[in-house]
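Reviewing the structure listed below.
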Amino acid sequence: MKSVRILHLSDLHLGRSFDFLDSVNARIRRQELLATFFKAISLCKDKDVDLLLIAGDFFESNNVDSETMIALRKVFSSIPDTRIFIALGNHDFMSADLFENYVNLENVHIFSSDWEKISIEELNVDVYGRSFGTSHIKRSFFNDFKFNVSDDAINIMVMHADIVDREIKSQYNPITIEQISKSDMDYIALGHMHKASKAQRKGKTSFAYSGSPEGLDLSETGKKGVYIGEIDKNDCKMEFAPINKRLVIRKEIDVSDCETNNDICHKILGLLVGNESKGNIRNFDKNMYDFYLVGKSDINIDTYFIKKKLEDSLFYCRVQENVLPDVDIKLLSSEQNASGIFTQNVLSYMLSNKDSYEAKRALIFGLKALNGEELKSED
């Protein structure tokens, strides 16, 4: 049986505000989201993709400017031989009218909030899908799936969903692995999770989250992209294809050997340049970084200064510090003075709490305050 070639994409969040960036860089990132989608369209052309599956949260909301919609119409029109199927998610559930008004094309289908089945005879494919009708869906879509699925056709499903254990509740279309395995689908293109999963198989059904094609905040590290490959009745050959413009990178920097805030800046940039020369990171200055400063130091660390200094060379960074005072903590805790008693109490708390990050912060700031140092908030 002939296979069908698909590209699976989700959670682009076009129009996102990017509140953690300044207004100029936020605008740049919004434009880059659209440019990244154009990369996906180029893949559809280059790889002769039959079906482009968009599994929800294509938009951040229904508040999308007309310029973006006109650009989308043009780019969808550029792949007339690729059928495009879109299931709306919890963010863009109200955007169906936008597509109808701007992207009313024969090769684009937006699933309604009820289950639909679209048969493509020339490909021997049945595509099933359902959109969110509201921002929260507490009842699994699978509970209302009543179709008789063909044993002969290649069966593909597109939806925004949250895979959970049976006893776990979710407000975002909770589905279980058992429901997936009993769906009789050959492939389910899922959206909602911003981190790509591996393409998995349960029973006869393969499924995956493609994740967001771009890192949308500083928690979304690593390569981002889409799934592309071939599906038939017996096999699923899907490969992850990175298409992101920028990486989000989290790095822990030991500043124990630094004597000034400038030293810290030089160390960080030196590490980034070294990684690029080794081929570990390309175009390091284009990425977004989340730096955590650790170690022991008596520097009055100024994270705002470090951030601004680094952003002379980087697109964006956040700088946080968890640097302990350069003292013998155990020895200090044995002293019968304000610093010793304070340290004893914090250490006692840390011993009884697995997550001691906040306790470390309290120790750092507390000892600095007791030493009369100026305290600076982190940006």
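Heavy-atom basis, side chains included; hydrogens, waters and symmetry copies ignored.
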**Q.** Partners meeting side chain to side chain donor-acceptor pair (under 3.5 Å) with E60 (sequence neighbours left out)
**A.**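 H13, R16.
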Q: For S119, enumerate each residue passing the side chain to side chain donor-acceptor pair (under 3.5 Å) test, keeping only those at least two apart in sequence or located in another chain.
A: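 Residues passing side chain to side chain donor-acceptor pair (under 3.5 Å) with S119: D126.
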Q) Angle class for the F291/Y289 ring planes (parallel below 30°, perpendicular above 60°, tilted otherwise)? A) parallel
Q. Would T221 and R250 satisfy side chain to side chain donor-acceptor pair (under 3.5 Å), going step by step from the backbone distance to the final call?
A. CA-CA 7 Å; T221 58; R250 184 188 185 279; over 6 Å; no
Salt-bridge present ([X], [Y]; N to O < 4.0 Å):
X    : Y    : answer
E122 : R83  : yes
D144 : R130 : yes
R318 : D290 : yes

Q.
Assigning hydrophobic clusters by single linkage (Ile, Leu, Val, Met, Phe, Trp, Tyr; side-chain heavy-atom cutoff under 4.5 Å), is I163 placed with F145?
A.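 In one cluster with I163: F145, yes.
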**Q.** Nearest atoms (heavy-atom pairs only) where T82 meets C44
**A.** OG1-CB, 4.4 Å
**Q.** Nearest non-hydrogen partners of L43 and V49, listed with the distance
**A.** O-CG2, 4.1 Å
Q) Cut-off 3.5 Å, side chains only: do N173 and H160 have a donor facing an acceptor? A)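 Short answer, no.
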Which side-chain N or O atoms in residues 68-75 pair as donor and acceptor under 3.5 Å with protein atoms at least two apart or in another chain?
residue, atom, partner, partner atom, Å
T68, OG1, D65, OD1, 3.1
T68, OG1, D65, OD2, 3.1
R73, NE, Y102, O, 3.1

Q) Do R30 and F18 meet the cation-pi criteria used here (NZ or CZ under 6.0 Å from the six-membered ring centre, within 45° of the axis)? A)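 No; the conditions do not both hold, so R30 does not lie above the ring face of F18.
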